[in-house]
Q: 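Below you'll find the structure I mean.
Just so it is clear, the model here is predicted, and its values are computed rather than measured. In what follows, chains carry the letters A, B, and so on, assigned in the order in which the sequence lines appear, proteins first and then strands, with residues in each chain numbered from 1.
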Amino acid sequence: DSGVTQTPKHLITATGQRVTLRCSPRSGDLSVYWYQQSLDQGLQFLIQYYNGEERAKGNILERFSAQQFPDLHSELNLSSLELGDSALYFCASSVLASSYNEQFFGPGTRLTVL
Amino acid sequence: AQSVAQPEDQVNVAEGNPLTVKCTYSVSGNPYLFWYVQYPNRGLQFLLKYITGDNLVKGSYGFEAEFNKSQTSFHLKKPSALVSDSALYFCAVRDWAGGTSYGKLTFGQGTILTVHP
């Protein structure tokens, strides 16, 4: 158990809908990352927050947004969902935002868009 | 742009034999290299990392990795494989360019390791 929690574990929804994925980092970790894992794209970095502020951005679609709250938990919002958004979404956390800190991953949220 | 290649989609090895999972990387600055393992229906687990110093890095569960700057490689190794090592292995790199720290990990496509009894 990495200490990173994600809810829900599974999410099934329809095209055009909006969902929110939640992540609680390990105790003491200030940085949160979101990744998308799919069969065709592999593991892709989406976005990073550090102590409430956006720190780095990857291949995140404009339909997706995220935020980190004062208690350091983070939410990833996915809107106008398409079939291709079906994937496993991971949250990870690390103590700092530095490049040499390893990231600890949560169990993921499996999103299925029908 | 940084990139990671894992040239083998699958590696098969007999239990008790040594195993190697290959990884090569491309970065513009100093490479910070990581290995993660993913078991079915689980998140990624950190195995080991190379930041600086000794080229041979030891990690969890008896795994180690060798950093080779001239060959831009970071191969994962274990002297004696276990059936329980069967999983999906990811190599990842973080690029530190000058005074800027980038948060993102760039992952390879993954290598499925199967250890046969």
Q: Looking at every non-hydrogen atom in both residues, tell me the closest pair between A/Gln103 and B/Phe46 and how far apart they are.
A: O-CB, 4.4 Å

Q: Look only at the side chain of B/Arg94 and the backbone of A/Glu102, and say whether a donor-acceptor pair between them is shorter than 3.5 Å.
A: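 No, because the side chain of B/Arg94 does not come within donor-acceptor range (under 3.5 Å) of the backbone of A/Glu102.
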
Q: Is chain B contacted by the side chain of A/Leu88, its backbone, both, or neither, given a heavy-atom distance below 4.5 Å?
A: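 Just the side chain, heavy atoms under 4.5 Å.
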
Q: Does B/Leu76 belong to the same Ile/Leu/Val/Met/Phe/Trp/Tyr cluster as B/Val4, with side-chain heavy atoms less than 4.5 Å apart forming each link?
A: yes

Q: State the NZ-CG distance between B/Lys49 and A/Asn101, to the nearest 0.5 angstrom.
A: 6.0 Å

Q: Check whether more than 12 heavy atoms from other residues, nucleotides or ligands sit under 6.0 Å from atom OH of B/Tyr61, and answer yes or no.
A: no

Q: Is chain A contacted by the side chain of B/Gln45, its backbone, both, or neither, given a heavy-atom distance below 4.5 Å?
A: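 Contact with chain A involves no heavy atom of B/Gln45 at all.
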
Q: Restricting to side chain to side chain contact (heavy atoms under 4.5 Å, CB included), what partner residues turn up for A/Leu61, sequence neighbours left out?
A: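 Residues passing side chain to side chain contact (heavy atoms under 4.5 Å, CB included) with A/Leu61: A/Arg63, A/Phe64, A/Asp85.
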
Q: Contact part of B/Phe90 toward chain A, heavy-atom cut-off under 4.5 Å: side chain, backbone, both or neither?
A: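 Just its side chain gets close to chain A.
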
Q: Considering residues, nucleotides and ligands other than A/Asn77, do more than 12 of their heavy atoms fall under 6.0 Å from its CG?
A: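 Correct, the count exceeds 12.
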
Q: Can you confirm whether more than 12 heavy atoms, excluding those of A/Leu83, are under 6.0 Å from its CG atom?
A: yes

Q: Starting at CZ of B/Arg42, measure out to CG of A/Asp1 and round the result to the nearest 0.5 Å.
A: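 One gets 8.5 Å once the value is rounded to the nearest 0.5 Å.
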
Q: Taking the ring centre of each residue, are A/Phe105 and B/Tyr36 less than 6.0 Å apart?
A: yes

Q: When hydrophobic residues are tied together by side-chain contacts of less than 4.5 Å, even through go-betweens, does A/Phe104 share a cluster with A/Tyr33?
A: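 No, no single cluster joins them.
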
Q: Which value, rounded to the nearest 0.5 Å, describes the distance between A/Gln37 atom CD and B/Leu44 atom CG?
A: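 Atom-to-atom, A/Gln37:CD and B/Leu44:CG are 6.5 Å apart.
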
Q: Spell out, yes or no, whether A/Val32 and A/Tyr89 are grouped together once hydrophobic residues are joined by side-chain heavy atoms under 4.5 Å, including indirect joins.
A: yes

Q: Would you please indicate yes or no on a ring centroid separation below 6.0 angstrom for B/Phe107 and A/Tyr35?
A: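 For A/Tyr35 and B/Phe107, the ring centres are under 6.0 Å apart.
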
